[in-house]
There are 2 protein chains.
Amino acid sequence: MTRETKTIILDAAETLFAEQGFAATSLRAITSRAGVNLAAVNYHFGSKEALIDLVFRRRIIPMNRERLSRLEGLERADDGSEPSLEALITAFVAPPLEMARDAGSGGTVFIRLLGRSYTEPSATMQTAMRAMYEPVIDRFKQAFARALPQVPPVELYWRMHFMVGVLAYMMAGTDMMRLIATSRVADSPDIGELVRRMTDFIAAGMRAGPGSTTPAGGMDRVEA
Amino acid sequence: MTRETKTIILDAAETLFAEQGFAATSLRAITSRAGVNLAAVNYHFGSKEALIDLVFRRRIIPMNRERLSRLEGLERADDGSEPSLEALITAFVAPPLEMARDAGSGGTVFIRLLGRSYTEPSATMQTAMRAMYEPVIDRFKQAFARALPQVPPVELYWRMHFMVGVLAYMMAGTDMMRLIATSRVADSPDIGELVRRMTDFIAAGMRAGPGSTTPAGGMDRVEA
DNA sequence: GTCTATAACGGGATAGAC
DNA sequence: GTCTATCCCGTTATAGAC
């Protein structure tokens, strides 16, 4: 029963953090939603900050393990061929989005929280996240460099940023432009189709030839 | 002098919101940074929420006006030609990024705040933002549809989301992957180059042929 | 392990002197 | 318009009964 309570608190905290952010979510709100006593958080976790840390750790670590395992699977193909660019992108992009669909309990809401936290500037969070992400980023950077030998390293660096931006925005699912249809990831009927759309978009962007579109870039301003 | 004080408060609030978020920023911190009395916020703005609203309104409205004016300039070209896809993307993407560079006072920090707020789920903020963005999005949607007649409307809708995701992430500038060089927009020496990079990436993604990359999308999973 | 009660503090907002 | 002082509430964290 002792670990049961911790899990219940984690689930409640995860939901409220995703909805309101960290600072706006009080321990009272968390414990009341979890149906446990106010003192339980400090007993089980020590502090609010430690709770936040565990909320992330619980799901990010398996998620990144899944990304790496997909990547390794691609690189150990039987025929010894190099993985395609699309396969690499999918290996990076699909795990969080499928998590939003699959994880019965709180996976859906966690992905929204994670998408938000990409733009969270708190120093504590930044360093914690970097520690969890660094190995993944390193491995994928090498893989992308092999798949795109014609793209200069600096350009590739920026394009990986762009990829993360697309992913983070979809994960956060805030529907800034919701004027046509559903756009929250969790509501979307077919995650596989979203993954395919994102992969196509990102792959084309990553392959973009240098200079192909340059002339139009800087001269279109109407007035200073 | 009366408007002077309001401006000082707005500047201080903008900075602190960008650094810490809304909930974590107290009125005490704002007024102390601004060098004014604690009661000044409530006197001049009525409430913390109203202050937040004005912080955004002050810069978003001219920013979106600039986007629309660039778009209209493109569409009224002398030779009657349709604007290129790259020109449309630049018209949408450049104003916030150049604002980060140009605005002497708080433009830089505001852009970080704005990038963050794209994934801010507060209902109040969502509706306020939508009101300010709706006309811009509508106009650009039509322009993109004309520039990309071969892309089905649903696909185009998602690709515009992707574009916003790239932009929002760059604006927030949180350096999730900072392992090579600088990545904070404000630190970057050449905003024009960043705009060109983003435009090239997004343009290629938006033009991506349907099905060109489909077969690799879904079958690469290593294990369930 | 779980509860109640409370400490110690900081939050937003306001009344009223100046 | 600007200040001080204060109200009232919610916050995290903890002490101690059960």
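In the text below, chain A, chain B and the rest are named by the order of the sequence lines, each starting its count at 1.
Distance, B/Leu51 CG to C/dG11 P: 15 Å, rounded to whole Å. Summarising the geometry, the separation between CG on A/Leu16 and C1' on D/dT12 is reported as 16 Å, rounded to the nearest angstrom. D/dT12 atom P lies 14 Å from atom CZ of A/Phe22, rounded to whole Å. Atom-to-atom, CD of B/Glu4 to C1' of D/dT2 comes out at 15 Å; the value is rounded to the nearest Å. Distance, B/Ile52 CD1 to C/dG12 C1': 12 Å, rounded to whole Å. As rounded to whole Å, 13 Å separates atom C1' of D/dT14 from atom CG of A/Leu27. Straight-line distance from the CD1 atom of A/Ile30 to the P atom of D/dT11: 11 Å, rounded to whole Å. A/His44 has its NE2 atom 15 Å from the C1' atom of D/dT14, to the nearest Å.
At the heavy-atom level, B/Thr31 lies nowhere under 4.0 Å from the strands shown.
Closest approach to the B/Ser47 side chain among D/dT11, D/dT2, C/dA13 is made by C/dA13 (side chain taken as heavy atoms from C-beta onward). Distance from the side chain of B/Arg28 is smallest to D/dT6 among D/dT2, D/dT6, D/dT12. Among C/dC3, C/dG12, D/dA13, the nucleotide with an atom closest to any side-chain atom of A/Asn37 is C/dC3. With C/dG1, D/dA13, D/dT6 as the candidates, the nucleotide lying closest to the side chain of A/Leu38 is D/dA13. Taking the side chain of A/Tyr43 as heavy atoms from C-beta on, and the options D/dA13, C/dA13, C/dG1, the nearest nucleotide is C/dG1.
The existence of a salt bridge linking A/Arg58 and A/Glu14 is confirmed by a sub-4.0 Å separation between a basic side-chain nitrogen and an acidic carboxylate oxygen. The pair A/Arg70-A/Glu98 counts as a salt bridge, with a side-chain nitrogen and a carboxylate oxygen less than 4.0 angstrom apart.
Side-chain N/O atoms of B/Thr5 include none lying less than 4.0 angstrom from OP1 or OP2 on D/dG1. Distances shown here put a side-chain N or O of A/Asn42 below 4.0 Å from the OP1 or OP2 atom of D/dA13.
One side chain, B/Gln20 or B/Thr25, offers a donor N or O that lies under 3.5 Å from an acceptor on the other.
With the nearest nucleotide of DNA chain D identified for both A/Ala39 and A/Ser26, A/Ser26 has the one nearer the 5' end.
For the residue pair B/Phe45 and B/Ile9, the shortest heavy atom distance occurs at CE1-CG2, 3.6 Å.
Between A/Tyr157 and A/His161, the ring planes are perpendicular. Angles over 60° get that label, and only those under 30° would be called parallel.
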